[in-house]
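Below, chain A is the first sequence line, B the second, and so on; all start at residue 1. Basis for what follows: all heavy atoms, side chains included, without hydrogens, waters or symmetry-related copies.
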Amino acid sequence: MLRLISKKLLATYSPISPCAQCGLVQKLRSLSLDDNLLKADIKGDYKFLDPDNHYQKFRQVWLENLDTTQEKKLGIISLHPEIFATKPRVDIIHQNITWQRLFRYINYACTKVTSEVRGGGRKPWPQKGMGKARHGSIRSVLWRKGGRAHGPRGPKPYFYMLPHHIRVWGLVSAFSTKLAQDDLHIVKSLDIPTDDPEYVTQLVKERNWGPSVLFIDVSDIMPLNLITATDSIKHINCMPGYGLNVHSILKHNTLVLTEDAASWVQGKLLYHLNQIKPPENIK
Amino acid sequence: MSFSGLHGRELALKMLQALPRVSHANLKPNPNFKPKNKRGRGQHGGDKHGAGNKGSGQRQNHMRLGYETGNWPFYLRFGFEPYYKGHHLKRQYPPLTLHKLQMLIDTNRIDTSKPIDLTALVNTGVVDCIPERKHYGLNLTDAGANVFKGKVNIEVQWASEPAIAAIERNGGTITTTYYDLSSVQCAVDPVRWFSRAEPIPRRKLPLADCLEYYSNPENRGYLADPEKISQARLALAQKYGYELPRIEDDPDYEMLIQRKDPRQLFYGLEPGWVVNLKDKLIFKPKEDYLLEYYRG
């Protein structure tokens with residue numbers, strides 16, 4: 001079954017293979033992390049990055065450019081396998097997007113029970129002697145225009161918190177899924193030469209990044225050209241690193257991270273995956 | 001695309017390469033992830049709600065616990081034999097094995113270049129000491145004594161003789177100290193204690209039933225005479241047949257002989273001080289009666 005699916009899809013999807021003929025000098029480098037992120041809480045010996053790990057190899061991806069619509073490969077960088085090539089738990093991704101939808105949702109639907117419906121205080125007819133069924137109120141739930149039994153009693157908030165580690169695993173699974181499906185790209189910087197929306201549209205089209213793209217930088221102050229160019233295109237968006245979330249990652253076809261943003265988010269997630277206990281404020 | 005020879009994570013990632021893009025449209029939870037709705041809908045949705053038909057069950061007339069509808073209840077048939085009387089008030093010392101202590105050292109959860117006390121042990125996140133369950137501290141047990149290699153200055157609340165021998169064989173030192181419950185509460189979560197702006201408590205003196213334990217040099221009690229403790233160290237080395245390392249010649253001598261005052265809870269902090277973590281300030285008592293209380 002799987003083989004059939006894959007064969008069928010292979011005909012439609014272009015194969016994902018590194019460009020061997022591009023002729024560029026490949027600069028091999030791995031992302032730099034802050035020193036304090038490499039250290040355990042108590043002593044500085046334990047490292048999250050273990051280049052000699054036999055079971056999980058670093059994922060190497062192309063470093064691309066944005067200053068021309070044509071794709072240029074500027075080098076190769078290594079991504080940590082625990083963040084970008086871990087087991088893609090789609091069920092945890094689903095838990096995350098469900099949580100993101102529900103925690104801010106309030107159901108305002110509300111119905112009236114018997115006592116709240118206007119009228120109905122008087123017994124409509126005597127208990128006995130009428131040959132009719134006994135009734136005490138014309139607003140009983142059995143009556144038309146009566147109260148509602150088991151109806152919604154809003155406003156009902158659906159707020160809940162996902163456990164901290166489920167949120168971390170959600171992000172990690174989303175990154176791994178995106179990278180496995182060739183929907184995650186690392187660029188050197190978000191600088192583009194013009195603020196013309198046509199340039200971004202052309203770039204996205206030429207690189208086959210799909211209609212919707214999410215650009216991620218570390219800080220929330222982004223290059224003016226990119227902000228102006230993407231402002232009028234609703235499906236191409238920019239987001240700072242601290243705003244990264246599973247819903248937005250999945251909402252867009254392609255995720256474009258700057259080199260710094262990838263390094264930053266990788267360090268953050270490695271810290272949260274390896275710490276002994278979560279900090280008090282994010283439980 | 002070939003999936004042969006791939007397992008687990010690699011297989012899943014390889015499959016994703018060929019599958020349609022994961023998005024909001026094609027995600028769903030695992031089967032049986034969501035619990036079923038409690039009340040059914042439709043014609044019989046609100047009939048009995050699981051309470052059955054007629055009688056005591058339907059009226060949910062739950063009888064009191066142990067009541068046997070007229071029989072002489074089981075719990076009253078025999079005489080009362082209070083084997084466990086007062087067990088909920090007894091002091092508990094959850095075990096900490098030497099094996100676990102070695103694991104904490106190997107995984108860098110504990111810094112052996114400093115004295116180890118209850119706060120350092122609980123701060124690893126692996127050892128639990130819960131004052132609500134009458135945990136008066138930790139009991140160092142001898143399981144894993146043959147694999148224990150650490151040289152530590154450790155302070156526990158109870159220790160067995162082989163555990164003391166295992167610590168001292170490696171050139172370390174051990175003290176058993178009494179912690180009362182409010183001291184344990186402060187020691188296991190100092191941040192919470194400090195955030196309430198309460199002064200660091202003075203450790204109370206041991207209760208009558210354990211005063212002898214903590215005065216005994218064989219238990220390395222904190223109230224014992226240091227002279228007698230060094231004699232007991234030598235005696236234990238002869239009993240277990242190892243050569244006692246001379247800690248006087250040790251480069252970490254200063255650290256190894258560091259001890260707390262019998263009233264002191266944290267190294268470097270005195271009882272009665274109020275610690276403000278936000279502004280990084282320490283407030284010390286000045287009044288004579290306070291000084292007398294906290295030093296007495």
K.L.:
Quick one: OG1 on T98(A) to NZ on K28(B), what's the gap to the nearest 0.5 Å?
P.N.:
13.5 Å
K.L.:
Return yes when atom CZ of R153(A) has more than 12 non-hydrogen atoms of other residues, nucleotides or ligands closer than 6.0 Å, and no otherwise.
P.N.:
yes
K.L.:
Taking atom NZ of K260(B) as the centre, report whether more than 12 heavy atoms of other residues, nucleotides or ligands fall under 6.0 Å from it.
P.N.:
yes
K.L.:
Nearest 0.5 Å, what's the CD1-CG distance between I92(A) and L27(B)?
P.N.:
12.0 Å
K.L.:
Using a cut-off of 6.0 Å, state whether more than 12 heavy atoms not belonging to E132(B) lie near its atom CD.
P.N.:
yes
K.L.:
Are there more than 12 heavy atoms of other residues, nucleotides or ligands under 6.0 Å from atom CG of D47(B)?
P.N.:
yes
K.L.:
Tell me, for A85(A) versus chain B, whether the close heavy atoms (under 4.5 Å) come from the side chain, the backbone, both or neither.
P.N.:
both
K.L.:
For the atom pair CZ (F33(B)) and CD (Q95(A)), what is the distance rounded to the nearest 0.5 Å?
P.N.:
3.5 Å
K.L.:
Please classify the contact between K251(A) and chain B as side chain, backbone, both or neither, with a heavy-atom cut-off of under 4.5 Å.
P.N.:
both
K.L.:
Specify the closest pair of heavy atoms between L16(B) and T177(A), including all atoms of both residues, with the distance to one decimal.
P.N.:
CD1-CG2, 3.7 Å
K.L.:
Atom CZ of residue position R133(B) - does it have more than 12 heavy atoms of other residues, nucleotides or ligands inside 6.0 Å?
P.N.:
no
K.L.:
If I take atom CZ from residue R9(B) and atom CD from residue E82(A), how far apart are they, to the nearest 0.5 angstrom?
P.N.:
8.5 Å
K.L.:
Would you check if L13(B) and R59(A) make a side-chain contact, meaning some heavy-atom pair closer than 4.5 Å?
P.N.:
yes
K.L.:
Using a 4.5 angstrom heavy-atom cutoff, name the option from I249(A), L179(A), D183(A) with the most pairs to chain B.
P.N.:
D183(A)
K.L.:
Out of curiosity, Q181(A) CD to L19(B) CG, how far, rounded to the nearest 0.5 Å?
P.N.:
7.0 Å
